[in-house]
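Encoded as structure tokens, the structure appears first; notes follow it.
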Amino acid sequence: MAGLIERYRDRLPFAPGDPVITLDEGATPLVHAPRLSERLGGEVWLKIEGANPTGSFKDRGMTCAVSGAVRDGSTAVVCASTGNTAASAAAYAARAGITCAVIVPDGKIARGKLAQAVIHGARVVGLKGNFDEALRLVRELSQAHPIALVNSVNPLRIEGQKTAAFELIETLGPQRPLDALAISVGNAGNITAYWKGFSESADQIERMPKMLGFQAAGAAPLVLGHAVEQPETLASAIRIGDPARGEEALLAVSESGGAINSVTDEQILEAYRFLADQEGVFCEPSSAASVAGLLVHGLPEGVERIVCALTGHGLKDPETAIEIGEGIIPCEANLAAVETAVWG
Ligand SMILES: *Cc1c(COP(=O)(O)O)cnc(C)c1O
């Protein structure tokens, strides 16, 4: 399968001769969720964005942002990150043979994401501050120096990420349009991108899906209507208090007749666990916020077929899984002990 730019070049701002930095991102599975469907009384599908090359949807945006940076002659890229943007930028920059610096909140990102950024050779800067401060600083940095900013404030990130909406339409087909998309919201780039993708495909679908965004209760500026000074949630990928694309996200929600709601960490973990042990799908806690939102708030009136965007892979954050999963049963190395251990 070709990468996104090749597959959707006619709908992306790239010309035929432009350099393409790709890891064959996109074309992720859309998996039916029978148990979740039963619980919610609808037809629920999971878009497994953790199946992207670096394990999150950020790769869709990054193939475009890094290709654009190379086209424009940049020899370095920079981003602020809660982890997945850093992992993705580091991988695509390595692929392009250019320098990458990532600014992350010190000690606040999941281990798997840190491992990726480090092994791909990025300069990893642990900021004594939160994501919002990191984003403000990299914006200043990229204005003062010839270094390309690859956060979702970069329009090419949105262009790449909108392709997830194209894939949903292709996979479900025009006869079976979805009624809604449930998605976790942090810096609000992804919900903006999906809405752009659906809007650009309006002529191919019978009706537009409602955008249902979910934020963590401790980091819910779009629900509260104001920035959150000290955002807190165990869902570290959406621990953002002042989303850069907040206004666009609210517009997507109102234009689509959707809603933005919040869910507690406890509700997020319940959904995270449900997906893993009832559907066999392991996503990261931040991704499970979308499913938590549906479990808590139910399907809106008139919504039957719905897709949950599961934004990142569970292996990104092994600590949380081990902490809340069933413990390990110690066992002597003989058959009787193993029988007892296995059957209890
Ligand atoms: C980045 C990210 C989000 C939030 O996406 P935004 O575009 O910042 O709203 C959600 N989940 C995961 C796993 C992420 O990496």
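Only this structure's heavy atoms are used, side chains among them; waters, hydrogens and symmetry mates stay out. In listed order, ligands and their atoms are each counted from 1.
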Side-chain heavy-atom pair P105, E133 within 4.5 angstrom cut-off: no
Does R136 make a cation-pi contact with F131, if we ask for NZ or CZ under 6.0 Å from the ring centre and within 45° of the axis? no
Under 4.0 Å from one or more heavy atoms of G189, ligand 1 contributes atoms 6 (P), 7 (O), 9 (O)
Distance alone, cut at 3.5 Å: any donor-acceptor contact between the side chains of R139 and Q143? no
CZ (F14) and SG (C64) are apart, to the nearest 0.5 Å, by 4.5 Å
Give the residue and atom name of whichever protein heavy atom lies nearest to atom 12 (C) of ligand 1, and the separation in Å to one decimal. T311 OG1, 3.2 Å
State the OG1-CZ distance between T171 and R176, to the nearest 0.5 angstrom. 11.5 Å
Tell me: protein heavy atom nearest atom 14 (C) of ligand 1, and distance? K58 NZ, 2.9 Å
What is the closest protein heavy atom to atom 8 (O) of ligand 1, and at what distance does it sit? N187 N, 2.7 Å
State the atoms of ligand 1, each with its element, that fall below the 4.0 Å cut-off from a heavy-atom position in A237. 12 (C), 13 (C), 14 (C), 15 (O)
Ligand 1 contact on N190 by region, counting heavy-atom pairs under 4.0 Å: both
Checking heavy-atom distances from atom 10 (C) of ligand 1 to each of A288, S184, G55, the winner is S184
Select one of side chain, backbone, both or neither to describe which atoms of E284 lie under 4.0 Å from any atom of ligand 1, heavy atoms only. side chain
Given E49, R245, Q161, K162, the one that forms side-chain hydrogen bond (donor to acceptor under 3.5 Å, both in side chains) with N190: Q161
At under 4.0 Å between heavy atoms, which part of I238 makes contact with ligand 1: side chain, backbone, both or neither? side chain
Tell me the protein heavy atom at minimum distance from atom 5 (O) of ligand 1, and give that distance in Å. F57 CZ, 3.4 Å
How about K196: does its NZ atom have over 12 heavy atoms from other parts shown lying under 6.0 Å from it? yes
Backbone or side-chain N or O of I240 under 3.5 Å from ligand 1 N or O: no
Would you tell me whether T28 and R60 have side-chain atoms, one donor and one acceptor, within less than 3.5 Å of each other? yes
Would you verify whether the NZ or CZ of R35 falls within 45 degrees of the ring axis of F274 while also being under 6.0 Å from that six-membered ring's centre? no
Below 4.0 Å from any atom of ligand 1, is there a heavy atom belonging to S152? no
What atoms of ligand 1 come within less than 4.0 Å of a heavy atom belonging to V185? 9 (O)
